[in-house]
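To start, the structure itself, in structure tokens.
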Amino acid sequence: MAEVYIRVAEEENEEPMEIPSEDDGTILLSTVAAQFPGACGLRFRSPVSQCMRGVRLVEGILHAPENGWGNNVYVVNYPKDNKRKMDEIDASSAVKMKRGDMKTSDLIVLGLPWKTSEQDLKDYFSTFGEVIMVQIKRDAKTGNSKGFGFVRFTEYDAQEKVVTQRHMIDGRWCDCKLPNSKQGPDEPLRSRKVFVGRCTEDMTTDDLRQFFMQYGDVTDVFIPKPFRAFAFVTFADDQVIAFLTSHLFVLISTGFSNACIVKCDDHLKMHECLWCVA
DNA sequence: GTTGAGCGTT
């Protein structure tokens with residue numbers, strides 16, 4: 001099946017927007033969410049039964065109805081499609097909006113090629129924003145790179161962009177993260193991670209990411225193996241946590257009926273928790 | 001002169 005565009009709208013009678021499918025004819029939920037933030041699925045009115053039908057969604061992938069996407073107008077589903085819910089999403093957007101004055105912190109850069117220099121790093125990251133520090137960690141004797149380093153931006157926007165994607169640097173994929181080891185005059189570490197309880201065994205990291213991305217940028221999803229009925233979701237922004245913990249009812253009453261935030265804590269506590277339960 | 005998950009000599 002070739003790539004097609006399907007018509008998607010917020011409501012049945014509204015001006016639809018065309019959204020591209022993948023090469024195999026499926027549509028990624030993330031593609032829909034890029035245009036309709038918070039979207040968790042699609043529905044359409046069956047030409048035959050005149051009833052609304054849900055589009056099959058498996059692990060973030062929307063599958064075409066039996067006779068293909070056709071000329072139907074697909075309507076966006078939001079978690080627990082009601083007004084209160086939309087207000088909550090707006091509130092989360094508000095959380096994201098007022099991060100302009102957030103302080104930046106050093107980011108660890110993992111997976112660097114051995115040959116990459118400080119200048120290489122600076123050149124690469126300067127495309128995201130003003131860089132105020134780069135470091136490559138080297139062996140004290142030989143001067144050889146240890147394959148990781150640090151970078152710091154002046155603007156928080158640049159930092160957030162950088163931690164939410166992978167980076168091709170000198171031919172290798174590298175990851176940028178908030179360092180685990182706290183060092184330097186950073187703000188007191190506030191939690192960016194939530195503990196998600198009552199998980200079911202069929203829930204995937206994609207499922208959790210798709211659900212929680214409506215509240216903020218998700219940088220990591222961890223599901224222990226073997227199955228232990230919980231997961232961790234990490235956000236780029238710690239303010240999301242404050243929002244989520246003050247709106248527990250949102251999670252319990254919407255979308256993932258099986259997911260709820262049980263508690264939030266700092267990194268170390270989380271770590272202890274992970275291992276002591278094991 | 002090697003390596004490839006991790007966590008920062010000053």
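Every chain is numbered from 1, with letters handed out A, B, ... down the list of sequences. Because the structure is predicted, anything quoted here is derived from the model rather than measured.
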Item to check | Toward the 5' end of DNA chain B, by each residue's nearest nucleotide, Phe148(A) or Thr142(A) | outcome: Thr142(A)
Checklist entry - Who are the salt bridge (charged side-chain N to carboxylate O under 4.0 Å, His left out) partners of Arg56(A), not counting sequence neighbours? => result none
Next on the checklist: Rounding to an integer number of Å, can you tell me how far Arg172(A) CZ sits from dG6(B) C1'?
Outcome noted: 12 Å
Checklist entry - Which nucleotide in the list dG8(B), dG4(B), dT9(B) gets nearest to the side chain of Lys146(A)? => result dT9(B)
Next on the checklist: Tell me if the side-chain of Asp106(A) makes a donor-acceptor pair with the base of dG8(B), cut-off 3.5 Å, by modelled atom types.
Outcome noted: yes
Item to check | Gap between atoms CD and C1', on Gln135(A) and dG8(B) respectively (whole Å) | outcome: 6 Å
All N/O donor-acceptor pairs, side-chain side in residues 131-140 of chain A, below 3.5 Å, sequence neighbours left out:
| unit_1 | atom_1 | unit_2 | atom_2 | d |
| --- | --- | --- | --- | --- |
| Arg138(A) | NH1 | Gly143(A) | O | 3.2 |
| Arg138(A) | NH2 | Glu118(A) | OE1 | 3.1 |
| Asp139(A) | OD1 | Lys141(A) | N | 2.8 |
| Asp139(A) | OD1 | Thr142(A) | N | 2.9 |
| Asp139(A) | OD1 | Thr142(A) | OG1 | 3.4 |

Item to check | With sequence neighbours excluded, residues passing salt bridge (charged side-chain N to carboxylate O under 4.0 Å, His left out) with Glu130(A) | outcome: none
Checklist entry - According to a strict under-4.0 Å criterion, is Lys137(A) in side-chain N/O contact with OP1 or OP2 of dT9(B)? => result yes
Item to check | Distance-only side-chain donor-acceptor flag, Thr204(A) / Asp206(A), under 3.5 Å | outcome: no
Next on the checklist: So, using side-chain contact (heavy atoms from CB on, under 4.5 Å) as the criterion, who are the partners of Val55(A) when residues are at least two apart?
Outcome noted: Leu42(A), Phe44(A), Leu62(A), Trp69(A), Tyr74(A)
Checklist entry - Residues sharing Val58(A)'s hydrophobic cluster, by side-chain heavy-atom contacts under 4.5 Å among ILVMFWY, directly or via others? => result none
Next on the checklist: Between dG8(B) and Phe150(A), is there a base-stacking contact, meaning the centre of the base's six-membered ring lies under 5.5 Å from the residue's ring centre while the planes stay under 30° apart?
Outcome noted: yes
Checklist entry - Rounded to whole angstrom units, what separation is found between the CG atom of Asp220(A) and the C1' atom of dA5(B)? => result 15 Å
Next on the checklist: Near DNA chain B, counting only heavy atoms under 4.0 Å, which residues of residues 108-116 of chain A show up?
Outcome noted: Ile108(A), Leu110(A), Gly111(A), Leu112(A), Pro113(A), Trp114(A)
Checklist entry - Which whole-number value in Å describes the distance from Ile136(A) CD1 to dG4(B) P? => result 19 Å
Checklist outcome for this item: Rounded to whole Å, CZ of Phe222(A) lies from P of dG6(B) at a distance of 11 Å
